[in-house]
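As structure tokens, the structure follows; a few thoughts come after it.
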Amino acid sequence: MAGCSIRAIWILTPHHSVAFSRTFPVVERKWRSACARDGEVATQAPFPSDLEVAAAFTDRKQREGSARGFGIRVASSTPGSDSWVDDPVTRHIITLHINREEAEGYMLWPVIVHTSGNYYILVLPLVEPKKVREYRKLYQRNNCGGSVKEHDNLSSLLLSLPCITGAFMVAHAIGDLIAGETSDPEVVATSSSSAVGGLLDTLTGSIGIGVAPRPKPTSVPILASASSASTLMGSTLVDSSRTMTKPIDKDLLRGFISGSMPYGTPVDLNQNNIAAIRTTGFGSADPPPADLRQPAWKPYLYRGRQRVLLMTQETINAALYDREDIPDSFSISGQINCRAELEGLPDVQLPLIGVKPAKVKMLSVHQSAQYSDHGEDKQAIVFSPPVGSFVLARYQVSHATNPAPVKGFYQLSLVSEDGGQFLFRLTLMEGYKSPYCMDFCTIIMPFPRRRILSVDGTPSVGTVSMTERLIEWKIVTSGRGISGKTIDATFSGTVRFHPRVVNKSLSVSLSKSVLGCTAAEDSDEERESSNNSVNVEDVLMEKLNRDLEAVDLEEPLCWQAFNYAKVSFKITGGTFSGMTIDPKSVSIYPVVKAPVEYSMQVTSGDYILWNTLARSPHAAVPKDLC
Amino acid sequence: MPLTPFTIPQIALSDQNLVLSPPSDVNLREIRRVLAFLLDRPRDLTPGAISVLTSALVDIADALEDCVPAVSALLKVNFSSLLSSHNPFLSHSILSLYRHFSEAFNEYDIGKVAYRLQLSASDTGQKLIFRLLALHWLFGSTLLTSQVSSLTSLPGFYPQVFDPLAVKAKKLDAISVSASEGDGAVSLLEDGLVCISYFRWLPGWSTETLVAFRAMHKLLIGVMPHDGSDNGPGRTRLGSLMESTIFADLENVLIHLALEHHPLVPVIATFISRLLQCETHSPIGSRFLQTLDRCLIPNLKPGYGLSFYFPLLEKISENETVAPKGVLELLKRHMVCLTDEHGPDTGHRSWSQGSRVLSICRVMLKKHKGSQIFRPLSLLLAFTCQNFPDLEVRDNARIYLRMLACIPGKKLRQTLSIGEQKSGLAPAPLPASLIDVPPHPSPDLKKSTGIASYIHLERLKPPLVKQSWFLPVQGSVPALSNGSGPAEGGIMDIVTSVAPSSPDESNKTDSSKVAYQKEASRVMDPNTALLLRVLRTHFGCIPDYRVMPGIKIRIPCLLRFESDPFIRTWGFESCDEQTLPALYAIKITFSTLSKYGKIPSCRVPFLLGDLLKSDLAIVAVGQGNDESIEHSNFAKVFLELQPEDPMPGLIDIFINANTATEQVVSGFLRPVTIGIEDMFLKAILPPNVSDMWVSRYYSDLFDTLWEACGSSVNIGRETFPLNGGKGAVSINGKQSVKFLEVPEDVLINAVERHLAGFVVRVAGASLVKVVQQNRVIENIVWDEKEEEEDDLDVGPSGDDFSAENALVAYSREESELDVEYTQAEMESNSNDRSLAIVDKKKSVGNICVLIFLPPRYHLLFLMEIGYGSTMVRMRTDHWPCLAYVDEYLEALF
């Protein structure tokens with residue numbers, strides 16, 4: 001089956017009614033002929049209506065515990081459910097059972113699920129009927145679970161179906177579109193020190209046609225780039241910003257779908273390109289260059305003042321334990337954003353400095369780019385830039401050359417169930433000289449399951465504020481960034497909580513669904529702590545943990561089970577890894593005189609100070625990296 | 001009619017499967033040009049277009065494999081670099097090229113691809129689903145998987161603290177795959193599990209826990225995947241897996257988790273049951289349970305905390321490969337503990353925990369063979385139904401106990417399955433209709449024929465006389481006891497009372513009637529009057545078996561069966577050599593031609609076969625082991641006779657039982673012999689005789705009866721009402737003599753051994769001395785003076801009775817028999833006398849023995865013990881017994 005074709009797209013509201021749907025008769029016809037060829041009679045049934053899909057989705061939600069499902073086989077899983085397959089990917093690639101009263105029901109697989117702005121986006125790509133049969137086998141298997149060592153395992157099935165990956169791309173593109181988010185990365189022009197707009201701005205600016213303004217992305221400064229960092233703070237903190245559901249701009253959506261996937265085959269999912277083609281079309285002003293091959297992903301060429309904007313964005317994830325038995329861990333991921341406002345179709349070469357010392361692993365580059373790694377210090381990226389901002393490369397650093405920007409420890413000692421004493425002792429920006437500049441630094445102590453009554457104590461630096469669920473300590477406030485000096489900050493105090501109200505019904509119902517059994521409710525409270533832990537905190541935490549909810553598989557860990565402080569900061573003027581670009585050595589062919597502006601910023605991702613006095617999650621480090 | 005472009009060649013539209021001719025050179029050249037054009041431009045295409053292109057290329061290259069060999073080389077040059085694009089769609093399209101043209105890429109290339117995928121899986125900037133997909137792609141191709149297993153790439157799979165749990169789970173999968181092939185499997189997995197190691201302190205439903213147990217499961221099935229086709233290598237793998245260190249380490253992990261973190265116990269139970277439900281891996285699950293039974297159960301303490309372990313205990317109980325003993329004993333201790341700790345505020349808890357224990361018992365009943373659980377479970381249930389504080393639990397325990405004891409295994413399982421309830425609490429007691437088992441299937445006659453050779457019902461003490469000759473006699477029971485009509489067993493009805501009775505006489509009580517009869521009798525002389533009074537008192541104590549429960553004789557027997565022949569005949573579903581076959585719901589019915597009344601049938605709920613070394617059971621018998629049925633492999637059964645005629649006889653035994661396989665065993669066993677000595681009872685003591693007068697009473701009774709039997713003439717017409725008021729008897733004495741040529745000490749020993757209870761008097765100084773020294777016979781009358789034997793012979797005289805005057809009319813038969821007796825008696829009397837005189841001088845003393853023969857007869861021995869020989873004079877009111885007594889006396893020595 002050639003390429004990737006989409007049979008249908010549904011967008012469901014949070015209440016599981018279909019807000020938008022689109023089917024592709026051409027693809028459906030292909031499906032039917034494939035079924036006929038394979039002798040699949042059951043799948044000849046008419047395509048499900050929106051109502052049926054909504055019902056099937058609701059039905060699955062009930063069966064699988066949540067809209068996405070368990071993802072892992074649990075006690076209540078039964079053959080013929082996604083969690084039976086026992087793979088986290090079944091939270092994203094789901095099965096819908098279309099039940100018909102008058103005719104035989106059938107299953108729809110693979111249905112891609114993506115959530116965006118409270119909407120569920122379901123995409124059904126076209127796969128060969130025999131692949132569906134293969135999955136059905138896994139789905140209804142009568143043994144204890146699959147291993148990759150078996151034939152026809154889920155992994156080989158997914159590898160043989162690029163259309164699933166394509167469908168995910170479609171789903172994400174649509175998700176971005178309806179959420180009003182742009183996939184454009186942030187590029188800061190140092191000269192004007194303001195964010196630069198996307199392709200449309202470029203086009204409208206240069207061509208001079210007015211376009212209805214699209215909503216600007218609301219940039220969250222802390223959580224700028226890392227998509228996985230969007231749910232850092234535990235669900236309670238994020239929910240408030242997500243409860244609103246924006247109505248779908250259906251015209252925009254229809255335009256995008258018909259432009260990006262004619263006849264159900266995704267061609268170009270770049271919404272800027274599609275929007276530009278839709279608004280401006282191709283006039284006599286855009287003749288294809290005679291001598292050069294214009295790439296399909298660059299429908300328009302740039303015209304105007306030429307310049308190259310580059311930006312290195314690094315995110316530090318850190319787990320600080322301040323303990324002898326567990327080493328602190330840092331992981332740095334970075335990306336190079338680029339916006340090359342160059343006329344024609346030039347090639348750009350970008351030499352990278354400091355790749356080897358930082359042990360940079362180049363993870364991926366843009367489609368138009370090639371990464372060459374020759375010799376000790378001659379790493380460069382050659383690329384032919386598309387229009388607008390794009391992520392040129394993503395990398396990972398295992399050995400940073402700079403010290404940690406925030407060092408220290410956090411201790412919280414729960415004196416009783418309803419209160420505790422805490423102590424911070426931090427050192428900021430030690431070993432960093434100008435031009436490194438810490439724009440802001442905030443420390444948040446979340447207590448998502450407790451209601452804070454009061455906080456006593458004054459920090460040596462900064463201000464403290466408090467909401468019901470968290471304590472915020474602003475050490476460095478934006479606008480008063482620090483540069484070239486070290487700050488020692490201490491903060492000790494006490495925190496008091498409202499008495500705890502145990503919500504037992506929830507945990508019990510969860511335990512029933514996951515474990516498939518009634519836990520020993522009658523003697524739950526009678527538990528004698530058999531593990532002779534001397535630590536009062538551990539005992540208290542264990543007590544608190546009894547009514548914890550299970551987190552989603554998308555979360556890295558059960559945040560609520562721990563006491564920690566999360567550090568947020570932003571540092572400009574340099575990279576943490578030490579890998580940089582020399583703007584002067586950027587070469588463009590054919591040679592044009594274009595200024596290269598380069599900016600760097602480091603932000604914190606999961607920068608966690610674990611409570612030194614209690615248990616904390618950690619990971620083993622491979623021995624050869626120790 | 002579909003619309004088709006004009007340019008499509010006709011051949012493509014035709015439905016026939018045309019055989020296409022191979023492309024010509026011109027065609028090939030064109031194709032090459034097209035391919036070259038396309039292959040030159042991948043960088044200019046959008047990801048979607050590249051996807052279409054790659055799949056088209058795959059099709060074309062497949063079709064033209066022979067004609068255009070260079071395609072794959074070109075692919076490598078033009079597409080490889082696109083793999084590192086951060087558009088996953090693009091990467092996937094390129095990967096599919098690798099899959100199809102794997103021969104074009106060497107190991108280095110493949111290694112690079114694997115590395116690339118590993119990197120994108122750890123790319124935190126990438127969306128979660130694409131990280132997951134990258135891992136799937138990596139394991140989807142055997143080519144790439146082989147690269148993963150090399151240890152160099154493993155560090156990339158170590159989960160990071162902030163990896164989403166889904167990624168952690170998939171990375172752990174990767175480690176499991178590699179680990180299952182390498183040596184350091186579990187250490188690798190342990191390293192991997194560190195990132196979620198805190199699951200130990202989280203509740204069992206936490207996602208971390210799920211991920212951790214999933215990883216352990218993946219490790220197991222990684223070592224031994226399901227292979228539907230071939231079982232052969234799978235089985236051998238199973239063995240090697242269970243011996244491996246991976247397995248031992250995992251077992252340790254589980255035991256540790258269960259001991260230290262009891263919230264995880266349900267999770268462990270779920271984990272194991274998942275393995276158990278799988279055809280391939282159920283042996284592993286069973287093995288885990290066995291290990292837990294061995295290593296965890298002994299470490300658990302009874303008490304309220306034990307409830308955490310119930311899910312695991314349930315799993316262990318459900319599993320047939322684990323001996324239930326450990327769990328049941330733990331539960332017994334738990335119940336004892338619950339009972340001990342019961343207080344005013346533990347009512348609900350006692351109920352809840354007790355119910356859960358019972359639900360485990362119920363599982364045991366359903367899943368295990370009765371032979372394995374019978375003893376510990378019955379102890380547990382017995383304790384519970386007697387002592388447990390909660391009423392409902394007690395009741396349910398009682399029901400289970402009865403079910404255990406009364407319903408054979410398979411049927412019990414069916415019965416318990418009927419009321420299957422989902423709740424974890426003990427189910428409500430089943431209605432009686434459910435317990436009523438359906439009608440038995442017809443017994444297998446062929447198999448049942450030989451059961452007498454291995455199922456035995458034997459007397460605890462075999463009879464002294466191995467009699468067999470009485471068999472024909474059984475058909476011709478002496479006419480005395482065979483009398484039809486009113487004279488049943490020699491008892492005559494008093495209903496035709498000729499006495500001047502008032503109309504309300506019949507309403508009076510038994511005792512008043514007896515008193516009335518006393519008054520009515522006529523007294524001949526003081527001596528006879530005394531005689532009659534004693535006799536009336538005595539007979540007044542003997543129950544009339546026709547109207548009230550008669551005197552019963554209980555003969556202890558042992559029921560047992562041999563395991564070996566039983567298994568050969570009936571088969572036995574057991575994998576365990578130690579397990580013995582069992583019979584359930586055994587019903588033994590007795591029948592006999594002798595007049596023993598209706599012998600009640602016996603029921604034995606459950607019986608294990610003999611140990612395969614069968615003599616063990618016999619040793620137990622020999623020792624007179626008095627334990628109850630649960631304690632050894634035989635059942636004690638009492639034959640309860642109510643003789644109407646004190647004769648030896650044979651009792652036929654019919655057995656009906658179920659096997660564990662729900663077959664019906666039924667058939668006759670070897671008959672049991674009843675000897676005359678089984679009939680020997682002590683005479684009934686009237687209630688008003690005080691303890692100190694007992695020996696005197698018996699002695700007097702002996703004398704009286706001796707006289708009565710010796711001279712039937714005197715009182716032959718006299719009738720003696722029995723207890724019950726409806727019947728009366730007369731005495732028709734008969735005497736005999738037996739000369740025993742044995743030394744006196746031997747005789748004394750034999751008497752002491754067999755007749756001690758019946759001796760009423762010992763006379764003669766020397767004899768008294770000897771017998772008293774032996775201290776076997778006590779509480780009798782010691783008569784130290786030399787005895788005048790003739791005194792005894794003098795019976796009360798007087799023949800004033802006539803048939804008309806008698807209270808009870810004699811039947812004709814009775815009268816006829818009278819005559820016979822008299823003749824026989826005279827003969828024996830003459831013998832008697834002559835012999836007695838011969839021996840008189842040598843006598844060392846006499847022993848008087850009074851034996852009561854149910855229902856109402858007597859046997860009297862007067863043993864005149866001499867030096868070297870003994871004369872036994874016998875008198876009885878039941879002459880047929882004399883024949884057997886003769887043999888009996890011989891058999892004494």
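In what follows, chains carry the letters A, B, and so on, assigned in the order in which the sequence lines appear, proteins first and then strands, with residues in each chain numbered from 1.
A pairwise comparison of heavy atoms in A:Cys558 and B:Glu208 identifies N-OE2, 2.6 Å as the closest pair. Heavy atoms only, all atoms of each residue included: B:Ser141 and A:Leu159 are closest at CB-CD2, 3.5 Å.
In terms of non-hydrogen atom pairs under 4.5 Å with chain A, the most contact-rich of B:Ser120, B:Ala166, B:Gly48 is B:Ala166. Ranked by non-hydrogen atom pairs under 4.5 Å with chain B, the options A:Pro266, A:Ala319, A:Gly334, A:Gly166 are led by A:Gly166. Comparing B:Gln277, B:Gln160, B:Lys168 by how many heavy-atom pairs each has under 4.5 Å with chain A, the most go to B:Lys168. Heavy-atom pairs under 4.5 Å with chain A were tallied for B:Ser122, B:Gly303, B:Pro42, B:Ser91; the largest tally goes to B:Ser122. The residue among A:Val267, A:Leu553, A:Leu557 with the most heavy atom pairs within less than 4.5 Å of chain B is A:Leu553.
Judged purely by distance below 3.5 Å, without hydrogens or angles, the side chains of B:Thr124 and A:Ser333 pair a donor atom with an acceptor atom. There is a side-chain donor-acceptor pair under 3.5 Å between B:His136 and A:Asp87.
Heavy atoms closer than 4.5 Å to chain B are found in both the backbone and the side chain of A:Asp86. Contacts of B:Pro159 with chain A are made by backbone atoms alone, with heavy-atom separations under 4.5 Å and no side-chain atom involved. Residue contact with chain B, scored on non-hydrogen atoms closer than 4.5 Å, involves the backbone of A:Leu161 exclusively. Only the side chain of A:Gln370 comes within contact range of chain B, with at least one heavy atom under 4.5 Å from a heavy atom of that chain. For a residue to count as touching a neighbouring chain, one of its non-hydrogen atoms must lie under 4.5 Å from one of that chain's; by this rule A:Ile332 does not touch chain B. Both the backbone and the side chain of B:Val211 come within contact range of chain A, with heavy atoms under 4.5 Å apart. In this structure, chain B has heavy atoms under 4.5 Å from both the backbone and the side chain of A:Ser160. At a 4.5 Å heavy-atom cutoff, A:Ala171 makes no contact with chain B through either its backbone or its side chain. Proximity to chain B (any heavy atom under 4.5 Å) is restricted, for A:Arg141, to the side chain, taken from C-beta onward. Contacts of A:Leu363 with chain B are made by both backbone and side-chain atoms, with heavy-atom separations under 4.5 Å. Heavy-atom distances place the backbone of A:Met362, and not its side chain, under 4.5 Å from chain B.
A distance of 5.0 Å separates CD1 of A:Ile93 from CD1 of B:Ile129, quoted to the nearest 0.5 Å. Note that CE of A:Met169 is 13.0 Å distant from NE2 of B:His92, once rounded to the nearest 0.5 Å. Taken to the nearest 0.5 Å, the CD atom of A:Glu554 stands 9.5 Å off from the OG1 atom of B:Thr207.
Remark: aromatic rings of B:Phe130 and A:His172 are close, center separation under 6.0 Å. Within the 6.0 Å centre-distance limit, the rings of A:Phe562 and B:Tyr198 are counted as a close aromatic pair.
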